[in-house]
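Structure first, commentary second.
Values below: every heavy atom of this structure, side chains too, minus hydrogens, waters and symmetry copies. A, B, ... follow the sequence lines: proteins, then strands. Residue 1 opens every chain.
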Number of protein chains: 2
Amino acid sequence: MSKLLKPAIPLPTIKRIPIYVSVLEKWKQEGKDTVSTTDFAEQLSLKPVQVRKDLACAGAEGKPRIGYNTEELLETLHRFVGWNNLSDAVLVGAGALGTAILGYKGFTRFGLNIRAAFDADEQKCNTTIHDKPVYAMDKLKQYVRQNGIMMGILTVSENGAQQAADALVDAGIQGIWNFSPVKIQVPETIFVQREDLAAGLAVLAVRIRERQ
Amino acid sequence: MSKLLKPAIPLPTIKRIPIYVSVLEKWKQEGKDTVSTTDFAEQLSLKPVQVRKDLACAGAEGKPRIGYNTEELLETLHRFVGWNNLSDAVLVGAGALGTAILGYKGFTRFGLNIRAAFDADEQKCNTTIHDKPVYAMDKLKQYVRQNGIMMGILTVSENGAQQAADALVDAGIQGIWNFSPVKIQVPETIFVQREDLAAGLAVLAVRIRERQ
DNA sequence: TAGATTGTTAATCGATTAACAATC
DNA sequence: TAGATTGTTAATCGATTAACAATC
């Protein structure tokens with residue numbers, strides 16, 4: 001129903017916005033104070049129309065003949081993807097992948113602030129990993145509520161994934177970034193973004209083979 | 001031209017295959033020796049037709065009224081995504097993300113065997129990270145040629161990405177799994193799979209906001 | 001003014017879904 | 001045999017691209 005009022009923004013569009021941001025940041029540093037969709041198209045091997053549609057979706061406005069103001073556009077896109085204000089998140093599953101993500105500083109550039117990790121393994125609890133506290137799973141709900149956290153990052157192995165997802169939902173999280181190689185079941189009010197490394201690897205393998 | 005003979009397999013299809021594999025492995029363990037596309041559809045919230053099309057693309061064959069033989073299908077899909085034989089890869093960029101990927105044991109399940117890492121930082125060279133050797137960049141070409149390696153994993157920061165990609169191409173790599181947040185320029189004979197964490201995060205942020 | 005560029009409507013393309021015949 | 005399921009052709013849907021009017 002709300003779909004009739006505001007049609008959901010196409011998924012491919014959302015995914016391209018961060019690429020525009022990255023190019024824009026480069027151009028801003030270089031002192032380019034106006035950019036056109038033709039510029040983007042050349043740089044990224046896209047069609048200018050597509051870029052224009054994408055930017056329009058994000059609420060950007062340009063001037064015919066001139067293009068878009070670099071800083072203004074950057075600001076608009078940053079706001080669109082929520083990178084203007086860091087959003088807090090908790091991470092569940094402090095294994096190899098979880099530890100990596102906790103330590104990856106690049107995320108702050110993307111507006112992500114991982115506040116704490118949670119793990120079922122008692123040995124890991126009440127320690128820190130890359131300066132982030134690790135707590136027991138039974139502390140999750142309270143922590144999420146008290147800190148108003150909306151996003152959960154799921155880096156649990158295949159077996160524990162569903163249980164961990166249930167805990168995140170119960171704690172009141174709104175969206176889950178799921179790195180586990182499993183489709184988790186959640187109420188439809190919760191949004192799940194599956195980050196599927198296996199899928200990427202499969203694409204690579206098939207495409208390389210196709211070229212032989 | 002080869003596209004006329006063998007139309008490229010749709011990207012979404014390739015990406016779904018690993019999910020089928022994961023479900024199939026569970027079912028195999030449970031002793032289910034026959035599976036139908038309806039089973040998959042229920043488990044994964046997909047339409048049965050779509051599953052059938054996907055499986056057909058991967059070369060699987062079923063029997064009307066009965067379905068697919070679990071083990072046979074698993075074998076077919078494994079072969080399709082190349083997980084039957086481990087494919088060797090090198091990693092370039094032994095920073096935070098690179099170190100994480102080197103240490104992530106889950107990849108061997110996906111047929112990936114990272115043989116060695118390469119880094120421009122001399123301090124890191126000739127050490128090991130998670131038991132994998134780290135070499136200087138000028139050793140890359142020789143290593144790739146001698147070991148017949150086809151796949152390169154790029155975990156270099158924004159600035160170094162293009163240069164590292166050039167080195168991989170020069171070394172004779174066929175496909176690049178690019179984790180850097182940059183679109184790299186390569187000859188069209190090289191396939192690049194961009195693993196875009198920023199895109200995933202953007203989708204999550206926008207979708208959570210849409211629901212407010 | 002002339003021409004580059006935006007913004008939008010219409011046409012195309014590719015993937016999903018529906019419909020249905022074939023089959024065990 | 002009857003009915004569940006596969007495999008395939010046709011219809012639909014959504015995203016990309018083309019065409020073009022508006023504008024600085």
Side-chain angles (χ1 to χ4, degrees), chain A residues 3-4 6-17 19-20 23-24 27 32-70 72-74 76-77 80 199 202-203 206-207 210, chain B residues 3-4 6-17 19-20 23-24 27 32-70 72-74 76-77 80 199 202-203 206-207 210:
Chain A
K3 285 199 180 173
L4 293 179
K6 263 197 234 172
I9 291 146
L11 195 75
T13 294
I14 303 178
K15 289 188 170 174
R16 278 188 297 264
I17 302 291
I19 317 180
Y20 300 143
V23 175
L24 266 174
W27 284 337
K32 200 173 188 318
D33 51 39
T34 240
V35 299
S36 77
T37 54
T38 324
D39 296 336
F40 281 111
E42 272 169 22
Q43 188 77 41
L44 300 166
S45 333
L46 300 172
K47 298 277 150 68
V49 217
Q50 188 170 51
V51 178
R52 240 171 284 145
K53 275 244 163 104
D54 288 344
L55 298 184
C57 276
E61 282 172 27
K63 291 208 180 71
R65 169 80 240 248
I66 288 158
Y68 301 77
N69 176 280
T70 307
E72 198 183 302
L73 182 56
L74 191 52
T76 304
L77 298 188
F80 179 76
V203 173
V206 173
R207 294 300 191 216
E210 279 179 347
Chain B
K3 285 198 179 172
L4 293 178
K6 261 197 233 171
I9 292 146
L11 194 76
T13 294
I14 303 179
K15 290 188 170 174
R16 280 188 296 265
I17 302 291
I19 317 180
Y20 300 142
V23 175
L24 265 174
W27 283 338
K32 199 172 190 316
D33 51 38
T34 241
V35 299
S36 77
T37 54
T38 325
D39 296 336
F40 281 110
E42 273 170 20
Q43 188 77 42
L44 301 166
S45 332
L46 300 172
K47 297 279 151 68
V49 216
Q50 186 169 54
V51 179
R52 241 171 283 143
K53 275 245 164 107
D54 288 344
L55 298 184
C57 275
E61 281 172 27
K63 291 210 182 68
R65 171 77 242 249
I66 289 161
Y68 301 77
N69 178 279
T70 307
E72 198 182 301
L73 182 56
L74 191 50
T76 304
L77 299 187
F80 179 76
V203 172
V206 173
R207 293 300 191 217
E210 279 179 346

Could you list the residues that satisfy side chain to side chain donor-acceptor pair (under 3.5 Å) with Thr13(A), not counting sequence neighbours?
Asp54(A)
Output all residues satisfying side chain to side chain donor-acceptor pair (under 3.5 Å) with Lys32(B), sequence neighbours left out; order by chain, then residue number.
Asp39(B)
Can you tell me the distance, in whole Å, between the NZ atom of Lys15(A) and the P atom of dT16(D)?
11 Å
Find the distance Asn69(B):CG to dT5(D):C1' and express it as a whole number of Å.
16 Å
By side chain to side chain donor-acceptor pair (under 3.5 Å), Thr70(A) pairs with (sequence neighbours left out) none
By nearest nucleotide on DNA chain D, pick out whichever of Asp54(A) and Pro48(B) is the more 5' one.
Pro48(B)
Interatomic spacing from CD1 in Ile17(B) to CG in Leu55(B) - rounded to 0.5 Å:
6.0 Å
d(CG, Leu55(B); P, dT5(D)) in whole Å:
15 Å
Can you give the dot-bracket line for DNA chain D, where a pair is Watson-Crick or G-U wobble with both atom distances under 3.5 Å, crossing pairs use [ ], and | marks a partner on another strand?
..||||||||||||||||||||||
Would you say Glu210(A) and Arg207(A) make side-chain contact, with heavy atoms under 4.5 Å?
yes
Assign Thr13(A) to base, sugar-phosphate, or nothing according to its heavy-atom contacts below 4.0 angstrom with the strands shown.
nothing
Scan nucleotides 18-24 of chain C nucleotide by nucleotide, 5' to 3', and note B when protein non-hydrogen atoms come under 4.0 Å of the base, S if they reach only the sugar-phosphate, - if neither.
BB---BB
With a 4.0 Å limit, can you tell me whether Thr37(A) has a side-chain N or O closer than that to the phosphate oxygens OP1/OP2 of dT5(C)?
no
Separation of dA4(C) atom P from Glu42(A) atom CD, nearest Å, is 14 Å
Before we go on, tell me: are the rings of Trp27(A) and Phe40(A) under 6.0 Å apart, centre to centre?
yes
Out of dG7(D), dG7(C), dT16(D), minimum distance to the side chain of Glu61(B) belongs to dG7(D)
Closest-nucleotide mapping onto DNA chain D: is Ala60(B) or Pro12(A) further toward the 5' terminus? I mean the 5' end.
Ala60(B)
Could you give the CD1-to-P distance, from Ile14(A) to dA15(D), as a whole number of Å?
10 Å
Select one nucleotide: of dT6(C), dA15(D), dT16(C), the one nearest the side-chain heavy atoms of Pro10(A).
dA15(D)
Can you tell me the distance, in whole Å, between the CZ atom of Phe40(B) and the P atom of dG7(D)?
13 Å
Between Leu46(A) and Arg16(A), is there a side-chain heavy-atom distance shorter than 4.5 Å?
yes
Could you state the atom-to-atom distance from CG of Leu11(A) to C1' of dG14(D) in whole Å?
12 Å
For residues 49-70 of chain B, the ring-ring contact (aromatic ring centres under 6.0 Å, His included) pairs (sequence neighbours left out) are none
Between atom CD of Glu72(B) and atom OG1 of Thr34(B), what is the distance when rounded to the nearest 0.5 Å?
9.5 Å
What nucleotide, of dT5(C), dT16(C), dT16(D), holds the atom closest to the side chain of Gln50(B)?
dT16(C)
